Amino acid sequence: MSLQNDLHLKGAVLPVSKRVCVMGVLNVTPDSFSDGGRYRDPAEARDRAFRMAAEGADVIDIGGESSRPGAAGISAEEEISRVLPVIKALKDIKVPLSIDTYKSDVAERALDEGAAMINDITALGDGSMAGIIARHQAGIVLMHMKGEPAHMQDRPEYDDVMEEIKGYLASAVKVAESAGIDPKSIAVDPGIGFGKTLRHNLFILKHLDELKVLGKAILIGVSRKSFIGEITGKGEGERLPGTIAASLFAIMKGAGILRVHDVGAVRDAVTIIRAITES
Ligand code: HH2
C-alpha cells in the first residue's frame, strides 16, 4: 500500500500518510442510484451520519444532487435547501463534513455553515469555486469526468484513458494552487463511472498507481457502481462483495481515501489488509 500526504481540511486532517481513510456517502437526494430518498429528512440523515462515524468513517460526504448517468441537474437554491439543514443537524459530529457539489453558491453556504471540504465532480468547472475554497482554507476533491452526467455514458472514447485523466487532473491541480488553495488540501479522483465504459473503469483501477505522479492523496469511488453489476450480474443492493474487492485492489494501487456507502464492512476489510501489509 502506498500512502500519500495527509489531507488538510478546514480545522481537520485526514491521516492518509498513516492509513487508508474512509469517506461515508450520505445522499440527501430523492433519486441517487443506490440510496436515493432514504435520508432526506435531516433527523434520518443525522442518524445515518452518526452510524457511519461510529463504524469508522473519517469524513462524511453529503450530496444534494444525484450525478448518476442521465440525471437532470437541479438549481443551487434547491440543492442548498436539501444540504444546509443536514449540515446544521450535524453541528456536533466529530468527523469533518465534505459536500458533494460543483456549484460555488452551494459550496460557499456549506463552508460558511461549517463544512470542511468540497467534493467537486467537475474539478473546479465553476470559475468561482477555487477562490471560495482558498478563502475558507477548505479541502477539495478534484474528480475527472468526461462530459456531463446527462450524456456522459453515451459512448465515451479515449485515445489513452490514463494519460487523459492525468493531464486533466494535473491542470485542475494547477488551477487550484494558483488560486491559493493549500497544496496539502487537494485530493484527486479518476472518477470511476463518469464518462467511462466497463473497460475504461477496469483499466483505470489496474493502472491507478500512475496517478501518484500528481503527488496528491488519491480518492476512489467504486461503491455499488454499475460496473460491478455488469461483471457480477448483481443489483445495487448486492454489490458489497464487489465493492470490497475493487476497493482493496485500489488501495494496493495507491488509493488513500475510499468513498463508500457501506462504511463498517469496508473499514474491516481495510483493517485486515493493513494488518497483513504491516505484519
Ligand atoms: N461517485 C458518485 C458521486 N460523487 N464523487 C467522487 N469524488 N468520486 C466518485 O466516484 C463519486 C462522487 C456517484 O455515487 P453516489 O453518490 O452513490 O450516487 P449519486 O451520484 O446518484 O448520488
Side-chain angles (χ1 to χ4, degrees), residues 7 9 14 21-40 45 48-49 52 57-74 78-79 82-83 86 97-103 106-107 117-125 129 133 139-146 148-150 152-153 165 168-169 172-173 176 186-196 200-201 204-205 208 211 216-229 235-237 239-240 242-243 246-247 250 255-263 266:
L7 192 66
L9 318 178
L14 294 190
C21 292
V22 176
M23 169 184 266
V25 178
L26 179 58
N27 285 316
V28 292
T29 60
D31 58 343
S32 285
F33 80 93
S34 94
D35 57 354
R38 290 179 60 187
Y39 311 113
R40 285 193 76 189
R48 172 75 177 158
M52 288 195 287
D58 296 286
V59 54
I60 306 285
D61 190 40
I62 303 171
E65 177 182 310
S66 173
S67 54
R68 73 186 193 287
I74 57 167
E78 171 71 18
E79 199 176 327
R82 293 178 185 177
V83 166
V86 178
L97 302 179
S98 160
I99 307 302
D100 187 346
T101 188
Y102 55 87
K103 299 186 187 90
V106 179
M117 173 154 81
I118 299 300
N119 172 19
D120 184 354
I121 63 166
T122 68
L124 306 175
M129 185 68 99
I133 305 288
I140 178 93
V141 180
L142 301 171
M143 196 197 80
H144 174 269
M145 171 166 59
K146 189 157 178 129
E148 291 174 5
M152 66 188 177
Q153 291 306 104
I165 290 172
Y168 178 97
L169 292 176
V173 165
I186 302 170
V188 294
D189 178 348
I192 293 293
F194 286 84
K196 282 108 184 168
H200 295 139
N201 289 323
I204 292 164
L205 286 166
L208 192 67
L211 293 187
K216 303 295 179 194
I218 299 170
L219 185 149
I220 194 98
V222 296
S223 189
R224 304 181 185 173
K225 282 192 175 167
S226 62
F227 81 96
I228 295 171
E236 280 139 25
R239 294 180 187 161
L240 178 56
T243 297
S247 295
I257 306 166
L258 302 173
R259 182 182 182 278
V260 296
H261 302 83
D262 303 283
V263 169
V266 172

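Remember, it's 1-based here, ligands and their atoms both numbered in the order they're listed. Quantities reported herein were computed from a predicted structural model and do not represent experimental measurements. We're numbering straight along the sequence, starting at 1. What's counted below: heavy atoms across the whole structure, side chains too, no hydrogens, waters or symmetry copies.
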Quick check for you: to the nearest 0.5 Å, what is the distance between K103 atom NZ and T122 atom OG1?
10.0 Å
I'd like to check which ligand 1 atoms, numbered from 1 as shown, lie under 4.0 Å from a non-hydrogen atom of F194.
1 (N), 2 (C), 3 (C), 9 (C), 10 (O), 11 (C)
Look at atom 4 (N) of ligand 1 and say which protein heavy atom is nearest, naming residue and atom and giving the distance to 0.1 Å.
D100 OD2, 2.9 Å
Students should be able to answer this: which protein heavy-atom is nearest to atom 21 (O) of ligand 1, and at what distance?
S66 OG, 2.7 Å
Inspect the contact between E236 and K225 and indicate whether a charged nitrogen and a carboxylate oxygen are less than 4.0 angstrom apart.
no
So which protein heavy atom does atom 18 (O) of ligand 1 come closest to, and at what separation?
F33 CD2, 3.2 Å
Numbering the atoms of ligand 1 from 1, which are under 4.0 Å from a heavy atom of N27?
15 (P), 16 (O), 17 (O), 18 (O), 22 (O)
For I62, run the side chain to side chain contact (heavy atoms under 4.5 Å, CB included) check against N27, I99, N119 and tell me which one passes.
I99
Return the residue, atom name and 0.1 Å-rounded distance of the protein heavy atom closest to atom 5 (N) of ligand 1.
N119 ND2, 3.0 Å
Heavy-atom nearest neighbour in the protein, as seen from atom 16 (O) of ligand 1, with distance rounded to 0.1 Å
R259 NH2, 2.8 Å
Apply side-chain contact (heavy atoms from CB on, under 4.5 Å) to A107 and list each qualifying residue two or more places apart in sequence or on a separate chain.
T101, I118, M129
Does any part of the side chain of L219, heavy atoms only, come nearer than 4.5 Å to the side chain of V188, both counted from C-beta?
no
With sequence neighbours left out, what residues match R259 under salt bridge (charged side-chain N to carboxylate O under 4.0 Å, His left out)?
D61, D100
Please report the interatomic distance CD1(I257) to SG(C21), rounded to the nearest 0.5 Å.
6.0 Å
To which of D189, I220, V222 does the heavy atom nearest atom 7 (N) of ligand 1 belong?
D189
Near G221, which atoms of ligand 1 are under 4.0 Å from a heavy atom of that residue?
10 (O)
Contact partition for R68 relative to ligand 1, non-hydrogen atoms under 4.0 Å:
both
Within the 4.0 Å heavy-atom shell around V141, which atoms of ligand 1 are there?
7 (N)
Examine ligand 1 and decide if any of its atoms is less than 4.0 Å from a heavy atom belonging to K225.
yes
In Å, rounded to the nearest 0.5 Å, how long is the span from CD1 of I218 to CG of L169?
9.5 Å
Separation between OG (S223) and CG (L258), nearest 0.5 Å, reads 9.5 Å
Which residue holds the protein heavy atom closest to atom 22 (O) of ligand 1, what is that atom called, and what is the gap in Å?
S32 OG, 2.5 Å
Within this structure, what is the CD1-CZ distance for the pair I204 and F227, rounded to the nearest 0.5 Å?
9.5 Å
Taking distance alone, with N or O pairs closer than 3.5 Å, would you say E65 contacts ligand 1?
no
H261 and ligand 1 - part of the residue with a heavy-atom distance under 4.0 Å
side chain
Based purely on interatomic distance, does T29 place a nitrogen or oxygen under 3.5 Å from a nitrogen or oxygen of ligand 1?
no
